[in-house]
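Here the structure comes first, spelled out in structure tokens, and everything after it is commentary.
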Amino acid sequence: MPPEVIRHPSPNQGGRRDGLRPELVVLHYTAMASCEAARDRLCDPAFEVSAHYLIGADGRIFGLVDEHMRAWHAGAGAWRGRGDVNSRSIGIELDNDGAAPFPEAQMAALEALLPGILERWSIPPAGVIAHSDMAPGRKVDPGPRFDWRRLARGGLSVWPTDLRPAPCDPAAFAAALSRIGYPEEVDPETLLSAFRLRFRPWGRGALSAADVAQAQAAALLHVDPGGASA
């Protein structure tokens, strides 16, 4: 059964530009005092921010912007060489401060919401990304505490498991991140930080062979929304 969605329309929206349609789902955390405070902010025209959905720590799902419309959640950034991520994505905000674990009720609600979105818009699991993925250095959400492996086990995202030994080669690492979709114009240290937030939150220090192996394995799992292999 589809999850219950509490309709709470936000005025902060517009039409998707240039005939674009959702090919990504971008996950965020709110970093606000409460779900209600985040909901009010996302619906306040003075702040010019919104998302399609907001999921509370208790599992409540608020529908703020219709999926056919362009919500204002992603901001500046790019993925797979394409900008205007707002016109190409569904934005989901999670009530979390960035430091606490994501509660079971919230994760279960997200797992109930995502399958319908992916099916309606023919978005592959690799199209479910972090805000920090498409805006390296500018954003860090949903942060290192988010359980991407759990989503991947349910076919709702990707997580590399078939790792093969690799040398610590910066060029190979950059090539793998480009195939995954990370913006190429970002400096190497910022890209490494963004990649680790998503795939190796325990990683520290300079680039390592383990980073390269993880990136190359992740690149094999990513499929372009247009249908071509990464």
Side-chain angles (χ1 to χ4, degrees), residues 3-6 8 10 12 24-44 47 49-65 71-75 77 79 85 89-118 125 127-161 182 190-205 211 214 218:
E4 178 184 357
V5 176
I6 304 166
H8 197 283
S10 171
N12 301 336
L24 300 168
V25 176
V26 181
L27 301 185
H28 309 254
Y29 63 55
T30 58
M32 296 196 69
S34 68
C35 183
E36 287 71 24
R39 182 196 61 198
D40 292 346
R41 175 70 60 89
L42 294 165
C43 294
D44 187 338
F47 289 97
V49 293
S50 62
H52 294 90
Y53 297 99
L54 166 66
I55 304 180
D58 58 4
R60 289 177 297 163
I61 303 174
F62 293 92
L64 308 181
V65 176
W72 306 340
H73 62 97
W79 190 247
V85 175
S89 67
I90 301 291
I92 300 177
E93 291 274 0
L94 303 169
D95 173 27
N96 186 276
D97 64 5
F102 291 78
E104 170 60 30
Q106 187 176 57
M107 291 298 296
L110 177 61
E111 290 171 318
L113 179 65
L114 278 173
I117 296 173
L118 301 188
V128 181
I129 67 172
H131 198 190
S132 57
D133 287 332
M134 48 81 42
R138 188 176 68 84
K139 295 294 180 179
V140 297
D141 51 317
R145 302 299 298 270
F146 185 76
D147 194 347
W148 289 100
R149 280 174 284 194
R150 173 171 171 163
L151 285 193
R153 286 194 294 269
L156 301 174
S157 187
V158 295
W159 184 269
T161 56
Y182 287 93
T190 300
L191 279 177
L192 175 60
S193 295
F195 173 78
R196 284 177 171 172
L197 270 174
R198 172 70 171 78
F199 291 107
R200 295 193 75 242
W202 56 87
R204 297 292 184 273
D211 291 313
Q214 190 93 350

side-chain contact (heavy atoms from CB on, under 4.5 Å) between C35 and F62, intermediate numbers included: CA-CA 10 Å; C35 183; F62 293 92; 3.7 Å; yes
Straight-line distance of I90 CD1 to H73 NE2, nearest 0.5 Å: 7.5 Å
Heavy-atom pair with the smallest gap, counting every atom of G155 and P125: O-CG, 3.3 Å
Side-chain heavy-atom pair W148, P142 within 4.5 angstrom cut-off: yes
F199 versus Y182, closest heavy-atom pair with distance: CE1-OH, 3.8 Å
Partner set under side chain to side chain contact (heavy atoms under 4.5 Å, CB included) for A100, not counting sequence neighbours: N96, D97
Verdict with supporting geometry, V128 and L156, side-chain contact (heavy atoms from CB on, under 4.5 Å): CA-CA 7 Å; V128 181; L156 301 174; 5.6 Å; no
Reported CG-to-CD1 distance for the pair L110 and I55, which is rounded to 0.5 angstrom: 4.5 Å
Heavy-atom pair with the smallest gap, counting every atom of L64 and C43: CD2-SG, 4.1 Å
Nearest atoms (heavy-atom pairs only) where P103 meets A57: CB-O, 3.6 Å
Partner residues of D44 under the side chain to side chain contact (heavy atoms under 4.5 Å, CB included) criterion, sequence neighbours left out: A46, F47
Gap between atom CZ of R39 and atom OG of S10 - 0.5 Å precision: 11.5 Å
Considering all heavy atoms, the nearest A51-G91 contact: CB-O, 3.7 Å
Sole candidate of R196, R204, R198 that passes salt bridge (Lys or Arg N to Asp or Glu O under 4.0 Å) when paired with D211: R196
CG on L114 to CD1 on I92, rounded to 0.5 Å: 4.5 Å
Main-chain N/O of W72 paired to S50 side chain as donor or acceptor, under 3.5 Å: yes
Counterpart residues, side chain to side chain contact (heavy atoms under 4.5 Å, CB included), relative to A105 (two or more places apart): none
Distance in Å, W79 CH2 paired with L24 CG, rounded so as to fall on 0.5 Å steps: 8.5 Å
L42 vs N12 side-chain heavy atoms within contact, under 4.5 Å: no
Stepwise side-chain contact (heavy atoms from CB on, under 4.5 Å) check, Y29 with V140: CA-CA 9 Å; Y29 63 55; V140 297; 3.3 Å; yes
Short side-chain to backbone donor-acceptor contact, Q106 and L94, under 3.5 Å: no
Partners passing salt bridge (charged side-chain N to carboxylate O under 4.0 Å, His left out) against R41 (at least two apart in sequence or in another chain): none
Pairs where residues 135-144 contributes a residue and the test salt bridge (Lys or Arg N to Asp or Glu O under 4.0 Å) is met, not counting sequence neighbours: none
Heavy-atom neighbours of E36 CD exceed 12 at 6.0 Å: yes
Residue pair L113 / Y53: nearest heavy atoms and the distance that separates them: CD2-CG, 3.7 Å
Results of salt bridge (charged side-chain N to carboxylate O under 4.0 Å, His left out) for R150 - residues two or more places apart only: E104, E111
Derivation and outcome, side-chain contact (heavy atoms from CB on, under 4.5 Å), residues F102 and D147: CA-CA 8 Å; F102 291 78; D147 194 347; over 6 Å; no
